[in-house]
Amino acid sequence: MNTEEFRKHAHQLVDWMADFFDEVENLPVTPEMQPGDVYRKIPETPPVEAENFAEIFSDFKEKIMPGMSHWQSPNWFAYFPANSSKPSVLAEMLTATLGTQGMIWLTSPAATELEERMMEWLRQMIGLPAGFTGVIQDTASTATLVALLTAREKFSGWNINRKGFTGQPFTIYSSSQVHSSIDKAVKIAGLGEENLRKIPVDEDFALIPNLLVNAIEKDLKAGKKPLAVISALGTTSSTAIDPIRPIGEICQKYGLWHHVDAAFAGTALLLPEKRWMNDGAELADSFVFNPHKWMLVNFDCTAYFVKDSKALVRTFSITPEYLKTNHDQEVKNYRDWGIQLGRRFRSLKLWFVIRSYGIDGIQKMLRYHLQMARWFEQQIDEAEDFEKLAPVPLNTICFRYKPQNIEQEHVLNSLNQMLIEHLNETRKVLFTQTKLDDKFTIRMVIGQTEVQERHVKAAWQLIQTTARSLPIM
Ligand code: PLP
């Protein structure tokens, strides 16, 4: 492809992209597909001869697009959003064009220094104390693994990297509601799934500090080595907020690393009225949130903050001859701040987004989402045949259909399973479920870039009519 052809196709693609942004709300949220449908449409072997771009693009539209689920649809109420924005997409175009690889300062000084500044901006934006230093990771899963590996090294006297595991096992603590990425990080860090203690939660699904203390004491008596607590600032099921300050105090008392997982809810800290959620953050050792979830930055972009950045670097740093530069003493080489060597230029999209919206613009969006969530919560509270199943501190509403004459839990579970299946089969919306106190729970998350009242109202209408037409067993 020569430059003129590139120019022509790029214009064509940008037109397609702009149309997509306008059209996405009219597309089915999920495709009607069977496993293997797309796979079978792709030739078994790669082409030997070059194909022309028109054909490739036409196949994209005909073979790929019909198999896409639309995360950017305003009718996407599932999981947590991975909301994007036009400035973010524009930045990604430049990132791809530059094709830079920011593993060390020298491989792209601007990429490193913009990242440094963007992490400083983000830290201020969410009100984290100045003692934290930030670095971009690909995902919150990676950031949590990085936190556990750093804790493991620091508390083993830097021994495990060198000698492998010896002696009594470390123990790790989180609430029973914590995200599966914590279990995964514990496994990958070699700490052992059986050493992860899931502490019970209260009626709001937040970790109970006294029970955390009991678990730590019990492990100490058994000769184990308590290592870290992972708090959830916004659990995945219901955005429950663990009590960050009491947990931080317990960690300080027993000398444990405190990692705060605010993957989704961290963006809400841009709102001063939501900062109560992070009270006690100054006692934490590390903190993670995902601008790629609710802050208009397209996937992937995770902000990881750590207090003892020297410990982080000491855990990950390896400097073979071919990576040495004359500037190593004066600069940040982000390859030493995480697992991967090669690094995408992710700070550019943060810069574009933060400047395009301003703090004010992002706050406006968040408040609008929260206002719609309050409206939806109110509808659930007022409907006699629906029930709210968890507090709503943010924009995730956990509910179920509960006709007045039905009390048996297993019947309600099947009824709600049927409800979500019927709703999702319409392809007009997408919801996901969880279990709270063993109750099948439907989650409604209102966080899409373009979601408006009319989408939320239409979804509520659909929920009611679908629920009330279900056959009761
Ligand atoms: N932590 C929490 C609380 C989450 O809700 C999620 C994902 O939804 C994650 C961690 C994992 O995020 P990522 O996909 O960035 O690894």
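As the structure lists them, so they are numbered: ligands from 1, and atoms in each ligand from 1. The figures that follow rest on heavy atoms only: side chains count, while hydrogens, waters and symmetry mates do not. Owing to the predicted nature of the structure, the values given are computational and were not obtained by experimental measurement.
With a heavy-atom cut-off of 4.0 Å, Phe80 touches ligand 1 through its side chain alone. The parts of Ala140 lying near ligand 1 are both backbone and side chain, judged by heavy-atom distances below 4.0 Å. If you look at Thr139 next to ligand 1, the close heavy atoms, those under 4.0 Å, come from the backbone and the side chain alike.
A heavy-atom separation below 4.0 Å is found between Ser181 and ligand 1.
Under a 4.0 Å N-O distance rule, the pair Glu120/Arg123 qualifies as a salt bridge. Note on Arg245 versus Asp279: salt bridge recorded, some NZ/NE/NH1/NH2 to OD/OE distance being below 4.0 Å. Ion pairing between Asp219 and Lys225 fails under the 4.0 Å rule for side-chain N and carboxylate O. Ion pairing of Glu377 with Lys388 is present here, as a side-chain N (NZ or NE/NH1/NH2) and a carboxylate O approach within less than 4.0 Å.
Per-residue contacts place Asn290 under 4.0 angstrom from the following atoms of ligand 1 (heavy atoms of the residue considered): 12 (O), 13 (P), 15 (O). If you number the atoms of ligand 1 from 1 as listed, the ones under 4.0 Å from a heavy atom of Gly234 come out as 3 (C). Proximity to Asp261 (heavy-atom distance under 4.0 Å) selects the following atoms of ligand 1: 1 (N), 2 (C), 3 (C), 10 (C). Less than 4.0 angstrom separates some heavy atom of Thr236 from each of these atoms of ligand 1: 2 (C), 3 (C), 4 (C), 5 (O).
For the residues His292, His179, Lys184, the heavy atom positioned nearest atom 11 (C) of ligand 1 is part of His179.
At least one N or O atom of Lys293, backbone or side chain, sits closer than 3.5 Å to an N or O atom of ligand 1. Residue Thr302 has no N or O atom closer than 3.5 Å to an N or O atom of ligand 1.
With a 4.5 Å cut-off on side-chain heavy atoms, Asn83 and Met365 count as touching. Taking the side chain as every heavy atom from C-beta outward, Trp158 and Lys154 approach each other to under 4.5 Å.
Using bins of under 30°, 30° to 60° and over 60° for the plane-to-plane angle, the ring pair Phe386/Tyr401 lands in the tilted bin. The aromatic rings of Phe376 and Trp460 sit perpendicular to each other, their planes meeting at more than 60°, with 30° as the lower class boundary.
Atom 16 (O) of ligand 1 has its closest protein heavy atom at Ser141 OG, 2.5 Å.
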